[in-house]
Novice: 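Got a structure for you, written out below as structure tokens; questions coming shortly.
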Amino acid sequence: MHKNIKIFSLLTVLFLSVLSCSGNAQAQEKSTKDDVLSISYRRTAGRGGSENILATKDSLITSANGRMMQDIKVFKKKINPVDWQKLVSAINVKTLDKMVSGEGRGHYDGPDMTFEIVTKEKTYKLLNVQDSVHLKQLTTLQTLLKEIVSKSK
């Protein structure tokens with residue numbers, strides 16, 4: 001009888017540890033699309049001006065100033081849920097930590113491209129990313145943002 005209790009206790013502990021391990025792995029895998037709270041894109045051209053696009057689950061806000069920044073209209077609108085899903089789907093949250101920001105060129109009157117992605121866990125601020133592997137993800141995100149803004153005019 002005492003031996004059965006020991007075996008049952010050992011099996012219970014083993015079973016619970018296996019469950020907690022698989023639960024943690026599933027939780028880490030799911031930390032992607034639902035974790036993104038906002039996406040911000042800013043392009044500056046030194047004294048030429050700047051343009052900003054901020055997208056959240058609920059809204060899309062744009063601003064622009066300067067003579068070189070005539071590409072986007074300034075507005076505040078509700079974002080279409082389908083558009084929000086497109087944006088969030090373009091982001092691989094797991095790779096954001098691997099991205100390395102470059103040097104700012106704004107103080108030399110050069111162009112800067114800044115992305116800020118806010119998740120439940122962390123805020124990622126990426127300036128002039130040069131790594132071609134990760135730059136592709138950001139370029140896709142930039143293109144999607146501009147498409148959504150242009151159709152929202």
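In this chain, numbering begins with 1 at the start of the sequence shown.
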Novice: Side chains of Ile53 and Arg43, heavy atoms from C-beta outward: is any pair under 4.5 Å?
Specialist: no

Novice: Decide yes or no on side chain to side chain contact (heavy atoms under 4.5 Å, CB included) for Thr114 and Leu126, but give the supporting numbers first.
Specialist: CA-CA 6 Å; Thr114 307; Leu126 306 163; over 6 Å; no

Novice: Could you state the interatomic distance from OG (Ser38) to CG (Asp58), rounded to the nearest 0.5 Å?
Specialist: 11.5 Å

Novice: Might you point out which heavy atoms bring Phe115 and Leu138 nearest each other, and give the distance in Å?
Specialist: CZ-O, 3.3 Å

Novice: So, taking the atom named OG in Ser150 and the one named CD in Glu147, what distance separates them when rounded to the nearest 0.5 Å?
Specialist: 6.5 Å

Novice: Contact between Met99 and Gln137 at the side-chain level, heavy atoms closer than 4.5 Å - yes or no?
Specialist: yes

Novice: Assigning hydrophobic clusters by single linkage (Ile, Leu, Val, Met, Phe, Trp, Tyr; side-chain heavy-atom cutoff under 4.5 Å), is Ile79 placed with Leu54?
Specialist: no

Novice: If we only count heavy atoms from C-beta on, is the Phe75 to Val149 side-chain gap below 4.5 Å?
Specialist: yes

Novice: Under a 4.5 Å cut-off applied to non-hydrogen side-chain atoms, are Ile39 and Leu141 in contact?
Specialist: yes

Novice: Tell me if a side-chain donor or acceptor on Thr119 pairs with a main-chain N or O of Asp35 at a distance below 3.5 Å.
Specialist: no

Novice: Please report the shortest heavy-atom distance between Leu60 and Ala55, naming the atom on each side.
Specialist: CD1-CB, 4.0 Å

Novice: Would you kindly say whether Glu51 and Ser63 are connected by a side-chain donor-acceptor distance under 3.5 Å?
Specialist: no

Novice: Hey, could you give me the OG1/NZ distance between Thr143 and Lys146, rounded to the nearest 0.5 Å?
Specialist: 8.5 Å

Novice: Treating Ile, Leu, Val, Met, Phe, Trp and Tyr as nodes and any side-chain heavy-atom pair under 4.5 angstrom as an edge, say whether Leu127 and Leu96 lie in one connected cluster.
Specialist: no

Novice: For residues Glu116 and Thr123, report the shortest heavy-atom separation together with the two atoms involved.
Specialist: CG-CG2, 3.8 Å

Novice: Could you tell me whether the side chain of Val100 reaches within less than 4.5 Å of the side chain of Asp131, counting heavy atoms only?
Specialist: no

Novice: Are side-chain heavy atoms of Trp84 and Val36 found at a separation under 4.5 Å?
Specialist: yes

Novice: Does any N or O in the side chain of Ser50 come within less than 3.5 Å of the main-chain N or O of Thr44, such that one atom is a donor and the other an acceptor?
Specialist: no

Novice: Report yes or no: does Asn128 contribute a side-chain atom to a donor-acceptor pair with the main-chain N or O of Met113 at less than 3.5 Å?
Specialist: yes

Novice: With a 4.0 Å cut-off on N to O distance, would you call Asp83 and Lys151 a salt bridge?
Specialist: yes

Novice: State whether Arg42 and Asp112 are salt-bridged, where the test is any N-O pair (Lys NZ or Arg NE/NH1/NH2 against Asp/Glu carboxylate O) under 4.0 Å.
Specialist: no

Novice: Is there a side-chain contact between Leu37 and Lys57 in this structure, where contact means two heavy atoms from C-beta onward sitting under 4.5 Å apart?
Specialist: no

Novice: Does a side chain donor of either Thr56 or Ser59 reach within less than 3.5 Å of an acceptor in the other side chain?
Specialist: yes

Novice: Given side chains that start at C-beta, do those of Ile91 and Ile117 come closer than 4.5 Å, heavy atoms only?
Specialist: yes

Novice: Of the non-hydrogen atoms in Val129 and Leu135, which two are nearest, and what is the gap between them?
Specialist: O-CD1, 3.3 Å

